[in-house]
Amino acid sequence: MEYNFRDIEKKWRQRWVTQQTYKVTEDPNRQKFYVLNMFPYPSGAGLHVGHPLGYIASDIYARYKRLQGFNVLNPMGYDAYGLPAEQYAIQTGQHPAITTEANIKRYREQLDKIGFCFDWSREVRTCEPGYYHWTQWAFQKMFGSFYSLTPLTPSPKGEGETSGKARPIEELISFFEQNGTRGLEEYGVAQSEELSFTAEEWNAKSEVEKQQVLMNYRIAYLGETMVNWCPELGTVLANDEVIDGVSARGGFPVVQKRMKQWCLRVSAYAQRLLDGLETIDWTESLKETQRNWIGRSEGAEVEFKVKDSDKSFTIFTTRADTMFGVTFMVLAPESDLVQELTTPEQKAAVDEYLTYVKKRTERDRISDRKVTGVFSGSYAINPFTGDANPIWISEYVLAGYGTGAIMAVPAHDSRDYAFAKHFNLPIIPLIEGCDVSEESFDAKEGIVCNSQGKDFSLNGLTVKEAIAATKKYVKEKGLGRVKVNYRLRDAIFSRQRYWGEPFPVYYKEGMPQMIPEECLPLELPEVDKFLPTETGEPPLGNAKKWAWDTKSNSVVDCSAIDNVTVFPLELNTMPGFAGSSAYYLRYMDPHNDQALVSPEADEYWQAVDLYVGGSEHATGHLIYSRFWNKFLFDLGVSCREEPFQKLVNQGMIQGRSNFVYRIKDTNTFVSLGLKDQYDVTPLHVDVNIVSADVLDIEAFKAWRPEYATAEFILEDGKYICGWAVEKMSKSMFNVVNPDMIVEKFGADTLRLYEMFLGPVEQAKPWDTNGIDGSHRFLKKFWNLAQTILAQSNEDAPTAAELKSLHKLIKKVTEDIENFSYNTAIPAFMIATNELSQLNCTNRAILEPMVILIAPFAPHFAEELWEQLGHTTSVCDAQWPEFEEKYLVEDTVKMMVAFNGKTRFGIDFPADADNATIEAAARGHELTPKYLEGKQIMKVIIVPKRMINIVCK
RNA sequence: GCUCGAAUGGUGGAAUUGGUAGACACGAGGGACUUAAAAUCCCUUGACCAGUGAUGGUCGUACGGGUUCGAUUCCCGUUUCGAGCACCA
């Protein structure tokens, strides 16, 4: 019987659906395993061969775990909100929901053809009200929470928590009622800026004023901040959505703009996000990326008094040891201190400089790092030396980091050095023997000198000792405090877009109010236009019915707004990462309309055991969802602090483009090997009409009208194309669609081939050339199986057959555990060849082999499983275990080394013990050829019982 | 600039973590079957040298050193490529 993959795959695709083979339910009697893929954004282009790579890898693991007896959750869904659908809507007027729906349908068709074991009954879509209900709910909870290191009311026994936690905002309110802000700093409350008021002042505040103050502490808060504004897209972007000063999507310029936006206080969780990395099994490089992004730095905040004034300001430094080398101070141009400290004489110069800075975009700053700045006119007193240092203003100091002000130590900081050289400011070296005539000495090493103060000296200490000593001194003298800073900023959570989750928020007296929890979800309204309004409001400004009636608790027409009972609703929507931040929890209990996830389901599934996705989400989704989950953990909704225990990054599949070479000014194309003899232009050619770099000439003529009359100069009767590895994209005609591969070779071949291509984690070019090999293997396996089935030998298998089988079981089991699928597949090829050569006809060998191949080629395995007489799915079989006794080598080898060279001796029986072998070696019995006339120096018995004899 | 990671035939990639480098596959070459093609099967395939031949020898894992009986693997230095962060004080 021929291997007819088309019929087989069709048959099992249908049967899996009718028999609900992949439906999972919580089963306390079985151990769970949660496998998850990053859910896709359903783009209009459909899947290309790069997309399924991660899905196949995790599918194999999921199937393997199931065969091992685990209750495996392997769900799939869609990150359905997104920019492309909206931009398409702007261009065509087509509602994004319609395009999204169509794209999802197409994705699903493509996914279904590849044979994944997804439990589609648990599918989620971020754009459905039943789903974004819980996105909105989490946002409301964040609004109603603040973050502090310890509880504001210390527990009676004084055992305060120290790790930090989100807590109900009511705790903070009652603290203010009793204490104002007095003593608040001791609790480590996360805040936008430090406020100061008494209990009386608090209690005297109006409701609106109180709400304004609370914004300073809420985890979801409305904040006026500098944002990345992208004029082209008409929206703000988060830091991870901006790359090199342009938008990650579209590559449009981004400028800094001050705007009132919803923000999430991710920074409050910086330390926990950092600490959590130690507990999870991710690649070192990905953890490192997150550590960089969080950017923890330990240092000190030191207060500087302004000369001839009662003003003072604080700077942040990690090099407190260099206090004696400060020769000037620098403020960020955006800092509030600039106005305060500019003297009247300098005002004109400062204003001119500020105007210049304002004109420069993020991009300009990156591309030309000119040294620019202006003197403010004021001086600051160095608390260590009493010296007065000029205060400058320069764009090289950032407002958003530290305090927006620095002390400049030109001898030991390259940026300060460049500034000092440019403006001719003094440079004081502080390390013995360092040369600062050409460049600064930035390294944190050496012995400190020139650092003698009134009552304090650092001279003679190493830099490390000096940093510690200075911090201690600063603390004791009350000159400042030890401080940890993070680069991680709060996430900007508003987008001026239509196709996103609406905020469950309305505005009363300019202050945001949450709509009642029981009224969620607040559904996205219909609009006529998806563009911003004429008045520059976000697209939701076009909605007619977009006001909140507090009497009926319902959405009503905007014309009803009276600011008494009917109020305007929020016009912004949430960003892309909102919906993807807790979807893994929703899969556990996707149809629950009472909670995001029930405690029972959460308790059972815990966290994702294996998460597979691209590393491009390292500083976006993977930070936000860790933050989001930690918040839900604090609330007691999620029982695990880290959502993704093990993470595997699948490498990108690049395109392999093909070229034809046209002789200039002709319609004649010359084959690769002969192109150097002509003046040619290389042109991309559709890879789908090229096979093994040989052009299908007829297909090429039909491809484009202008090529219909093309002529060719061939090599050996063939036209050979050139090739290059490039990004997979339509414009390079190198997009390979999985449907075509499935059509031609079958899903099982595709699965096998994608895994065989190379390590899952590694980026690699898609090369259709090798796919025959995988297909050929399946046919060989099939033929072997048919031979065995035809003979139906029930005898005991031979030793050689068992050895072959158990070698395979061992290798495949180990390789799947290590995601080393590309080496597991050759093991199948070898075993198939070995068993064919042994003329194996034994069903007892075939049966475990079918189970082993099942994760890789599920349709194929199901069919053979049925032919073996089973009536249940191969998915419910038991993964075979290997037995060491079949694997023992019958001989061991002796290795002999002399004159610095290694040679190999003769095989001898495996059951010989080490002493016998050594004695034999010393007696020259086994390798007379090499040992004759040599003196044995030593005998080393090395792993795997190879014997190494050192001779002279 | 800082921090990670990588480098092996014509190609994708193996090598049990210090033990026969190049598994397996692709490509290439040769052969069998066939009127022919497709399909299938078999052999050769890192480089160089010697030999009619079986075979033997030398060099080979980016480069230069080191440790070791033995290094793709460990250590030091160099080069190249990739990734992340980046006026972050």
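Below, chain A is the first sequence line, B the second, and so on; all start at residue 1. All values below come from the heavy atoms of this structure, side chains included, with hydrogens, waters and symmetry mates left out.
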**Student:** Taking Watson-Crick and G-U wobble pairs with both distances under 3.5 Å, convert RNA chain B into its dot-bracket string, 5' to 3', dots for unpaired and | for cross-strand pairs.
**Tutor:** (((((((..(((......[....)))((((((.......))))))(((((....)))))..(((((..]....))))))))))))....

**Student:** Counting only heavy atoms not in A:Glu438, do more than 12 fall under 6.0 Å of its CD?
**Tutor:** no

**Student:** Hey, are A:Glu284 and A:Arg291 close enough for a salt bridge, meaning a charged N less than 4.0 Å from a carboxylate O?
**Tutor:** yes

**Student:** Hey, is CE on A:Met829 packed in by over 12 heavy atoms from elsewhere, all under 6.0 Å?
**Tutor:** yes

**Student:** Expressed as a whole number of angstroms, how long is the span from A:Asp413:CG to B:rA86:P?
**Tutor:** 17 Å

**Student:** As a test of reading the structure: which of B:rG13, B:rA89, B:rC87 is closest to the side chain of A:Tyr401, going by heavy atoms?
**Tutor:** B:rA89

**Student:** Cation over ring, A:Arg626 on A:Trp282, under 6.0 Å and within 45°?
**Tutor:** yes

**Student:** Can you tell me whether the base of B:rU17 sits syn or anti, using the 90° cut around 0 to define syn?
**Tutor:** syn

**Student:** Pick the nucleotide of RNA chain B nearest each of A:Thr317 and A:Trp293; which residue has the one closer to the 5' end?
**Tutor:** A:Trp293

**Student:** In terms of side-chain heavy atoms of A:Gln762, which of B:rA89, B:rG13, B:rG84 is nearest?
**Tutor:** B:rG13

**Student:** Tell me whether the OP1 or OP2 atom of B:rA89 has a side-chain N or O from A:Ser297 closer than 4.0 Å.
**Tutor:** yes

**Student:** Is the base of B:rG31 syn or anti, where syn means the angle lies within 90° of 0?
**Tutor:** anti

**Student:** Below 4.0 angstrom from OP1 or OP2 of B:rU40, is there any side-chain N or O of A:Lys779?
**Tutor:** yes

**Student:** I'd like a table of atom pairs between the protein and nucleotides 22-26 of chain B - only N or O on both sides, under 3.5 Å - with the distance next to each one.
**Tutor:**
from: B:rC26; atom 1: OP1; to: A:Arg776; atom 2: NH1; distance (Å): 2.6

**Student:** Nearest heavy atom decides the nucleotide; on that basis, is A:Gln290 or A:Pro759 closer to the 5' end of RNA chain B?
**Tutor:** A:Pro759

**Student:** Base, sugar-phosphate or nothing for A:Glu284? Non-hydrogen atoms, less than 4.0 Å.
**Tutor:** nothing

**Student:** Given ring-ring contact (aromatic ring centres under 6.0 Å, His included), test A:Phe328 with A:Phe419 step by step and report yes or no.
**Tutor:** CA-CA 10 Å; A:Phe328 58 101; A:Phe419 195 83; 5.4 Å; yes

**Student:** How many angstroms lie between CG in A:Asp413 and CD1 in A:Ile406, if you round to the nearest 0.5 Å?
**Tutor:** 6.5 Å

**Student:** A:Lys287 NZ to B:rG5 P: how many Å, rounded?
**Tutor:** 13 Å

**Student:** Please report, rounded to the nearest Å, how far the C1' atom of B:rC81 is from the CD atom of A:Gln654.
**Tutor:** 13 Å

**Student:** Can you find a side-chain donor-acceptor pair between A:Tyr3 and A:Asn783 that sits under 3.5 Å?
**Tutor:** no

**Student:** Less than 4.5 Å apart, any side-chain heavy atom of A:Val338 and any of A:Tyr353?
**Tutor:** no

